[in-house]
Novice: 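Submitted below is the structure of interest, expressed as structure tokens.
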Amino acid sequence: MPSSTSDGRPTCTSRTGRPRSADADAAILLATREALVDLGWSKLTMGDVATRAGVAKTTLYRRWAGKNELVVDAVAVLFDELELPDLGSLVADVEGVVLQFAALLERPEAKTALMAVVAESTRDDALRGRIRSAIVDRQKRLVLIGRERAQVRGELPYEADPELSARHADLIFDVVAGAVVHRALVSAEPVDAEWARDFTLLICSGLAATA
């Protein structure tokens with residue numbers, strides 16, 4: 001099972017045997033997402049992924065305990081592509097990452113994989129926990145980075161209470177991620193520049209009012 005660095009990103013160290021190959025891991029995760037698009041969650045097997053990736057099935061099991069762990073990691077690496085742009089203001093930064101997130105969700109592999117693991121997690125507490133640690137907790141870094149930049153610019157005040165600060169970061173993440181996912185995947189409406197701008201202004205107005 002992949003280990004992680006201090007910032008939550010996966011590393012490429014194996015438990016035993018030969019060192020893990022980053023190229024092999026990337027091929028396996030890509031094959032997993034492609035198989036999900038073609039087969040769906042219920043028909044996807046570790047054997048399907050191994051065949052597509054051109055590796056032995058035992059290679060998969062040396063890295064991941066089963067399908068749940070493999071699929072979550074395949075989704076997580078897509079979300080790790082997200083970066084918060086530094087565009088000089090809180091409004092511009094948030095708008096930029098909203099559009100970037102929406103573009104990611106337009107990709108069939110991202111859309112299908114995310115919807116599959118979220119649906120399956122409603123029946124699997126362990127899977128829900130893995131989604132939280134591998135995807136949600138890792139992507140909260142974008143909120144922390146954006147808030148720190150805004151504080152340095154004087155757009156937001158520093159928060160002295162660490163517990164309150166953490167709760168606010170969680171809330172900001174939930175609002176932004178939830179709204180974009182609902183708009184793009186549930187309502188199937190476009191997250192275009194106009195919507196992103198209106199949504200960002202609403203969020204930033206709320207943050208300023210709270211401050």
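Nothing here was measured: the structure is a model prediction, and the numbers come from that model.
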Novice: What distance separates L87 CG from E95 CD, expressed to the nearest 0.5 Å?
Specialist: 9.0 Å
Novice: Determine the minimum heavy-atom distance between A92 and S89, stating which atoms define it.
Specialist: N-OG, 3.1 Å
Novice: Find the distance between CG (L84) and CG (D93) and round it off to the nearest 0.5 Å.
Specialist: 5.0 Å
Novice: Could you walk me through whether R128 and D124 satisfy the side-chain contact (heavy atoms from CB on, under 4.5 Å) test, starting with their C-alpha distance in whole Å, then the side-chain angles of each, then the deciding distance to 0.1 Å, before giving a yes or no?
Specialist: CA-CA 6 Å; R128 188 181 303 117; D124 187 331; over 6 Å; no
Novice: Rounded to the nearest 0.5 Å, what separation is found between the CD atom of E159 and the CG atom of L164?
Specialist: 5.5 Å
Novice: Looking at every heavy atom in both R141 and D80, which two are closest together, and how far apart are they?
Specialist: NH2-O, 3.6 Å
Novice: Is there a side-chain contact between R130 and N68 in this structure, where contact means two heavy atoms from C-beta onward sitting under 4.5 Å apart?
Specialist: no
Novice: Hey, is the main chain of L30 close enough, under 3.5 Å, to the side chain of E109 for a donor-acceptor pair?
Specialist: no
Novice: With the threshold set at 4.0 Å, does a side-chain nitrogen-carboxylate oxygen contact exist between R183 and D192?
Specialist: no
Novice: Would you check if W64 and I28 make a side-chain contact, meaning some heavy-atom pair closer than 4.5 Å?
Specialist: yes
Novice: Find the distance between CG (D137) and CD1 (I131) and round it off to the nearest 0.5 Å.
Specialist: 12.0 Å
Novice: Group every Ile, Leu, Val, Met, Phe, Trp and Tyr by side-chain heavy-atom contacts under 4.5 Å, then state whether V175 and V191 land in the same group.
Specialist: yes
Novice: Are any non-hydrogen side-chain atoms of T200 and R197 less than 4.5 angstrom apart?
Specialist: no
Novice: With a 6.0 Å cut-off (strictly less than), is the heavy-atom count around CD of E148, excluding the residue itself, greater than 12?
Specialist: no
Novice: Consider only side-chain heavy atoms of I, L, V, M, F, W and Y, link residues closer than 4.5 Å, and tell whether V77 and V136 are in one cluster.
Specialist: yes
Novice: Taking atom types as modelled, find out whether T32 and R52 have a side-chain donor-acceptor pair closer than 3.5 angstrom.
Specialist: no
Novice: Starting from L171, can I reach V98 by hopping between I/L/V/M/F/W/Y residues whose side chains sit under 4.5 Å apart?
Specialist: yes
Novice: Hey, are R167 and D161 close enough for a salt bridge, meaning a charged N less than 4.0 Å from a carboxylate O?
Specialist: no
Novice: What's the spacing between H168 NE2 and E163 CD if we round to 0.5 Å?
Specialist: 11.0 Å
Novice: Could you report the tightest heavy-atom contact between V37 and P108, atom names first, then the distance?
Specialist: CG2-O, 3.8 Å
Novice: Check for a donor-acceptor pair, side chain of E155 on one end and backbone N or O of L90 on the other, with a separation under 3.5 Å.
Specialist: yes
Novice: Scan residues 77-129 for pairs that pass ring pair (Phe, Tyr, Trp, His ring centres under 6.0 Å), counting only residues two or more places apart or in two chains.
Specialist: F79-F101
Novice: For residues 116-123, please give each side-chain donor-acceptor pair under 3.5 Å, one per line with the distance, not counting sequence neighbours.
Specialist:
| residue | atom | partner | partner atom | Å |
| --- | --- | --- | --- | --- |
| E120 | OE1 | W41 | NE1 | 3.3 |
| E120 | OE1 | R123 | NH2 | 2.7 |
| S121 | OG | V117 | O | 3.4 |
| S121 | OG | V118 | O | 2.7 |
| T122 | OG1 | A119 | O | 2.6 |

Novice: Is there a path from L78 to L36 through hydrophobic residues (I, L, V, M, F, W, Y) whose side chains come within less than 4.5 Å of each other?
Specialist: yes
Novice: Can you name the residues that form a ring pair (Phe, Tyr, Trp, His ring centres under 6.0 Å) with F199, not counting sequence neighbours?
Specialist: W195
Novice: Which atom pair, heavy atoms only, marks the closest approach of S133 to R138?
Specialist: O-CG, 3.8 Å
Novice: Is it true that D73 and R63 make a salt bridge, defined as a side-chain N closer than 4.0 Å to a carboxylate O?
Specialist: no
Novice: If you round to the nearest 0.5 Å, how far is NZ of K67 from OG1 of T45?
Specialist: 8.0 Å
Novice: Looking only at non-hydrogen atoms, find the nearest pair between A56 and A50 and report the distance.
Specialist: C-CB, 4.1 Å
Novice: Do the side chains of R153 and R149 get nearer than 4.5 Å, heavy atoms only?
Specialist: yes
Novice: Which heavy atom in A74 sits nearest to a heavy atom in R33, and how many Å separate them?
Specialist: O-NH1, 2.9 Å
Novice: If you apply the rule side-chain contact (heavy atoms from CB on, under 4.5 Å), what do you find for R107 with K111, and how did you get there?
Specialist: CA-CA 6 Å; R107 291 161 57 176; K111 179 189 306 184; over 6 Å; no
Novice: Mind checking whether V180 and F173 sit in one hydrophobic cluster, side chains of I, L, V, M, F, W, Y counted as touching below 4.5 Å?
Specialist: yes
